[in-house]
Amino acid sequence: MQTTEVFAETARWMRYAEEDLITAETLLAQAHIPPRQACWHAQQATEKALKAVLIFLQIDFPRTHDLNVLRNLVPNSWHFKTTHPNLAKLTDWVTDTRYPGTVPEPTKADAIMAVKHARTVWTDASLELAQDGFHDESIA
């Protein structure tokens, strides 16, 4: 991909990540919405932010929702990789919140933590993308 294409695709993925994050934050503020909905959108925001970084770095990634697998593809030189050493709990929300099963429903506290974690990953990814030369006013 050409640099302009890489920047455009990175911006698109970061925008989608931010939209999922805003949705999670909005749902979290609604008392009548089950917390599992905010958890799911938090996972999706994190996944898309990680994939945006990989697209920017031109690193191929598998079709997966496993956030640790995606994070592990990021070079060790990226600070957010070490500041978020375990994304398993966020990964769990992709299936645990979408389908009924034996897993207990997430609590409001679970949703608050998931959304906070997702916001931190998104912010850290945005900052490091900018430090590595990516500039997009729509996400800064």
Side-chain angles (χ1 to χ4, degrees):
M1 262 193 265
Q2 297 291 331
T3 302
T4 55
E5 293 170 336
V6 170
F7 273 44
E9 194 64 9
T10 301
R12 184 171 163 218
W13 279 82
M14 286 302 287
R15 180 172 52 87
Y16 275 48
E18 186 178 32
E19 289 169 358
D20 279 332
L21 192 51
I22 290 167
T23 300
E25 292 166 341
T26 302
L27 293 173
L28 190 57
Q30 303 298 314
H32 66 285
I33 304 292
R36 65 186 168 82
Q37 299 297 338
C39 291
W40 185 78
H41 282 283
Q43 186 283 337
Q44 287 290 287
T46 304
E47 180 179 329
K48 289 175 182 122
L50 289 170
K51 289 178 177 178
V53 168
L54 294 169
I55 289 165
F56 178 77
L57 296 171
Q58 298 184 50
I59 296 172
D60 290 332
F61 52 87
R63 187 176 174 116
T64 184
H65 297 296
D66 188 324
L67 302 175
N68 284 330
V69 167
L70 296 170
R71 190 219 44 247
N72 289 341
L73 294 172
V74 175
N76 290 334
S77 60
W78 282 61
H79 178 69
F80 87 90
K81 183 175 181 175
T82 56
T83 58
H84 303 285
N86 190 353
L87 298 171
K89 187 59 183 168
L90 274 173
T91 294
D92 290 345
W93 297 131
V94 78
T95 54
D96 291 354
T97 60
R98 298 315 284 170
Y99 305 102
T102 58
V103 178
E105 289 275 328
T107 65
K108 180 81 167 194
D110 291 330
I112 290 168
M113 290 305 296
V115 172
K116 182 180 176 183
H117 197 176
R119 173 59 74 185
T120 303
V121 171
W122 185 90
T123 300
D124 290 350
S126 296
L127 291 171
E128 289 205 64
L129 282 166
Q131 290 171 358
D132 212 46
F134 175 74
H135 300 288
D136 179 30
E137 292 75 31
S138 68
I139 67 163

**Student:** Salt bridge or not for Arg119 and Glu25, using N-O below 4.0 Å?
**Tutor:** yes
**Student:** Can you list everything that forms a salt bridge (charged side-chain N to carboxylate O under 4.0 Å, His left out) with Asp124? Sequence neighbours excluded, please.
**Tutor:** none
**Student:** How long is the straight-line distance from CD1 of Ile55 back to CZ of Phe134, given to the nearest 0.5 Å?
**Tutor:** 10.5 Å
**Student:** What distance separates Asp20 CG from Glu47 CD, expressed to the nearest 0.5 Å?
**Tutor:** 9.0 Å
**Student:** With rounding to the nearest 0.5 angstrom, report the SG to NZ distance, Cys39 to Lys108.
**Tutor:** 10.5 Å
**Student:** Which atom names give the shortest non-hydrogen contact between Thr26 and Gln30, and what distance separates them?
**Tutor:** O-CG, 3.3 Å
**Student:** Do Val74 and Leu70 belong to the same hydrophobic cluster, where Ile, Leu, Val, Met, Phe, Trp and Tyr are linked whenever their side-chain heavy atoms lie under 4.5 Å apart, directly or via other members?
**Tutor:** yes
**Student:** Looking at every heavy atom in both His84 and Thr120, which two are closest together, and how far apart are they?
**Tutor:** CE1-CG2, 3.4 Å
**Student:** Regarding Trp40 and Gln44, is there a side-chain donor-to-acceptor distance under 3.5 Å anywhere?
**Tutor:** no
**Student:** Would you say that more than 12 heavy atoms from the other residues, nucleotides or ligands in this model lie under 6.0 Å from the NZ of Lys116, or not?
**Tutor:** no
**Student:** Check the pair Gln43, His65 against side chain to side chain donor-acceptor pair (under 3.5 Å), reporting the backbone distance first and the verdict last.
**Tutor:** CA-CA 9 Å; Gln43 186 283 337; His65 297 296; 4.6 Å; no
**Student:** With rounding to the nearest 0.5 angstrom, report the OG to CG distance, Ser77 to Asp132.
**Tutor:** 7.5 Å
**Student:** Under the rule for side-chain contact (heavy atoms from CB on, under 4.5 Å), what residues qualify as partners of Ile59, not counting sequence neighbours?
**Tutor:** Leu54, Leu57, Leu73, Pro75
**Student:** Who pairs with Glu128 by salt bridge (charged side-chain N to carboxylate O under 4.0 Å, His left out), at least two apart in sequence or on another chain?
**Tutor:** none
**Student:** Locate the shortest heavy-atom distance separating Arg71 from Pro85; write the atom from each residue and the value.
**Tutor:** NH1-O, 3.0 Å
**Student:** Run the salt bridge (charged side-chain N to carboxylate O under 4.0 Å, His left out) test against Arg36 and tell me which residues pass, sequence neighbours left out.
**Tutor:** Glu105
**Student:** State yes or no: do Leu67 and Phe61 share one hydrophobic cluster built from I, L, V, M, F, W and Y residues joined by side-chain heavy-atom distances below 4.5 Å, directly or via other members?
**Tutor:** yes
**Student:** Which heavy-atom pair separates Ala114 from Ala42 by the least distance, and what is that distance?
**Tutor:** O-CB, 3.5 Å
**Student:** Do the side chains of Val121 and Trp13 join up, straight or via other hydrophobic residues, at under 4.5 Å, putting them in one cluster?
**Tutor:** yes
**Student:** Name all residues meeting the salt bridge (charged side-chain N to carboxylate O under 4.0 Å, His left out) criterion together with Lys81; count only those two or more places apart in sequence or in a different chain, and write none if there are none.
**Tutor:** none
**Student:** So Phe7 and Phe56, would you call those rings parallel, tilted or perpendicular, with 30° and 60° as cut-offs?
**Tutor:** tilted
**Student:** Taking all atoms of both residues into account, what is the closest heavy-atom pair of Ala125 and Val53, and its distance?
**Tutor:** CB-CG2, 3.9 Å
**Student:** Looking at CG of Leu87 and CG of Leu50, how far apart are the two atoms once the value is rounded to the nearest 0.5 Å?
**Tutor:** 6.5 Å
**Student:** Could you see if Met14 belongs to whatever hydrophobic cluster contains Trp78? Use Ile, Leu, Val, Met, Phe, Trp, Tyr and a side-chain cutoff under 4.5 Å.
**Tutor:** yes
**Student:** Quick one: do Arg15 and Glu18 make a salt bridge, cutoff under 4.0 Å?
**Tutor:** no
**Student:** At their closest point, which heavy atom of Asp66 faces which heavy atom of Asn68, and how far apart are they?
**Tutor:** OD1-N, 3.0 Å
**Student:** Each residue besides Ile33 in its hydrophobic cluster should be listed here, by chain and number; the cluster joins Ile, Leu, Val, Met, Phe, Trp and Tyr at side-chain heavy-atom distances under 4.5 Å.
**Tutor:** Leu27
**Student:** CG of Asp110 to OG1 of Thr107: how many Å apart, nearest 0.5 Å?
**Tutor:** 3.5 Å
